[in-house]
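To keep things clear, I will list the structure first and then write my remarks on it.
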Amino acid sequence: MGMAGAVAAAEARPNVVLIYADDIGYGDLGCYGATAVKTPNLDQLARQGIRFTDAHSSSATCTPSRYSMLTGEYAWRKKGTGVLPGDARLILDPANLSWPGMMKRAGYRTGVVGKWHLGLGTGNLDWNRDIRPGPLEVGFDAAFLMPATGDRVPCVYVKDHNVVGLDPKDPIRVDYTKPIGDEPTGKKNPELLKMHPSHGHDMAIVNGVSRIGYMTGGKSALWTDEDMAQRFVDEAGKFIEESRKGPFFLYFATHDIHVPRVPNRRFAGKTTMGPRGDAIAELDWTVGEVMKHLKRHGLVNNTIVMFSSDNGPVVDDGYKDDAVARLGSHRPAGKLRGGKYSNFEGGTRVPLIVNWPAGIKPGVSDALVGQQDFFRSFASFAGQKLLSNEAPDSVDVMPALLGKSSTGRDWIVEHARALSIRKGAYKLIEANPGARVNVNTNSETGAGEKPQLYRVSEDIGETKDLSSSMPDKVAELSALLGKVKQGPLPH
Ligand code: NG6
Ligand code: CA
């Protein structure tokens, strides 16, 4: 292709924006059946796009889901990809091609705004100096991050390689093993708290909320939870503006609706459900603001906007925020059993909306797709060849994502405390002895002494374990799972 042809091709290529919510469940949005909270912006995105009923995060917690999505490799293949502390080293290998790296190679400007939680640096990170390797070393051109989670220190933003607003005279120190100096903690000084922990979360106090991990210093750089959604929206807006000549790829990872749930005052009382419901309203507002930024530059038609979540829902995740008491009849996982941390469908079956006015016909899709598939799907879309070791667990489901096919993958592995495999009408959960109920979150883990078998096509709530009556099915699915565990299987 000559130069002019290459330019024309670049112009025709749509932008890609992934809005990746935290801990949003299958039943948390209006377009997925919720009535106690209104989500007009997400509902509109779904109405004008494709709403998926069987889309999955790769894992039932954050770090492994994000790892799998960005690498196209199941996180459970690799040690050290569980929920990370805020001082963990970067777990993505800059030597390997990532989803954003592939997009960049295809001519996209790439950016990440929001929650990272994949580690930074190489260990013993000094937050007062250049912070690397990080997103810029694994394929992003621009980054504005919350380093780990809202409930983990350090409670500061990182832009590209540096903490934003840091005063060198007040250096940051972080420790996940022991208190630093005589700073107040949630444990010693509950009188200083505006939100109290229900389990864990009793260490450093920032903005009246105690967190996981200890930190001192960096006072001028500390975030204000109430302003976080606005801050992320503004940064996303800046990235869109700077990239408007396109094409660009924006990975926008919201903090909502993870704990601590401290939405802006304007969302307080928007729902009857307290902070958890109000955080959903704030999330929906965020989606509307991103769409406004696209609209302002005339980019709505030719941008693929996707919305999904990193894992299923949890009600009490460690703070006394009234989420349990005020839940009412709202069912965060909809008809699904379990939620975050669970082997049941509630752990990984999450909302997925794909919207692209210029390129897809609206509808509802029952195709089986996983977020680890985005990498290979967009590689095929952008005409990028992958080597055999790249995105090894990722399947090209682009025809399903664009509504051109009603089928996606044949089977998928779900990862929580154990592995499960879904194929056809059935789901097998490996034997995983242990407590049936997580005492902290009071939710079902999916543990069982023996493998469990459910016919999820008819029994979406996984109510009837068929393992005793269908030993052949158990054997067939166990054998398939065993093979996948040995190494990636071509699809
Ligand atoms: C848990 C935290 C929980 C949440 C989770 C990670 C405690 C007691 N619980 O360890 O509050 O932070 O980790 O959530 O500390 S995730 O969505 O980022 O995976
Ligand atoms: Ca999460």
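All ligand and atom numbering here is 1-based and tracks the order in the structure.
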task: Using a 4.0 Å heavy-atom threshold (strictly under), name the region of Lys115 that reaches ligand 1: side chain, backbone, both or neither.
output: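 Just the side chain.
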
- prompt: Hey, is Tyr319 touching ligand 1 through its side chain, its backbone, both or neither, going by heavy atoms under 4.0 Å?
  reply: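 Looking at Tyr319 and ligand 1, no heavy atom falls under 4.0 Å.
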
- request: Measure the CZ-CH2 distance between Phe140 and Trp99 for me, rounded to the nearest 0.5 Å.
  value: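 CH2 of Trp99 is found 8.5 Å from CZ of Phe140.
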
Who's the nearest protein heavy-atom neighbour of [atom], and how far?
atom: atom 8 (C) of ligand 1; result: His199 CD2, 3.4 Å
atom: atom 11 (O) of ligand 1; result: Asp317 O, 2.8 Å
atom: atom 14 (O) of ligand 1; result: Lys340 NZ, 2.8 Å
atom: atom 9 (N) of ligand 1; result: His201 CE1, 3.8 Å
atom: atom 10 (O) of ligand 1; result: Arg152 NH2, 3.4 Å

query: Any chance NZ of Lys270 has more than 12 other-residue heavy atoms, nucleotides or ligands included, within less than 6.0 Å?
result: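 Atom NZ in Lys270 is not crowded, with 12 or fewer foreign heavy atoms closer than 6.0 Å.
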
- prompt: Hey, does Asp310 have a side-chain heavy atom less than 4.5 Å from the side chain of Asp23?
  reply: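 Yes, side chains in contact.
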
message: I'd like to know whether ligand 1 has Cys62 as a neighbour, heavy-atom separation below 4.0 Å.
response: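 Cys62: in contact with ligand 1 (<4.0 Å).
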
message: What is the name of the N/O/S atom of Asp310 that is nearest to the Ca ion (ligand 2)?
response: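 Result for Asp310 and the Ca ion (ligand 2): OD2.
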
query: By atom name, which N, O or S atom of Asp23 is the nearest to the Ca ion (ligand 2)?
result: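 Minimum-distance N/O/S atom of Asp23 relative to the Ca ion (ligand 2) is OD1.
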
query: Would one find an N, O or S atom of Thr149, in either backbone or side chain, under 3.0 Å from the Ca ion (ligand 2)?
result: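 Checking the Ca ion (ligand 2) against Thr149, no N, O or S atom falls under 3.0 Å.
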
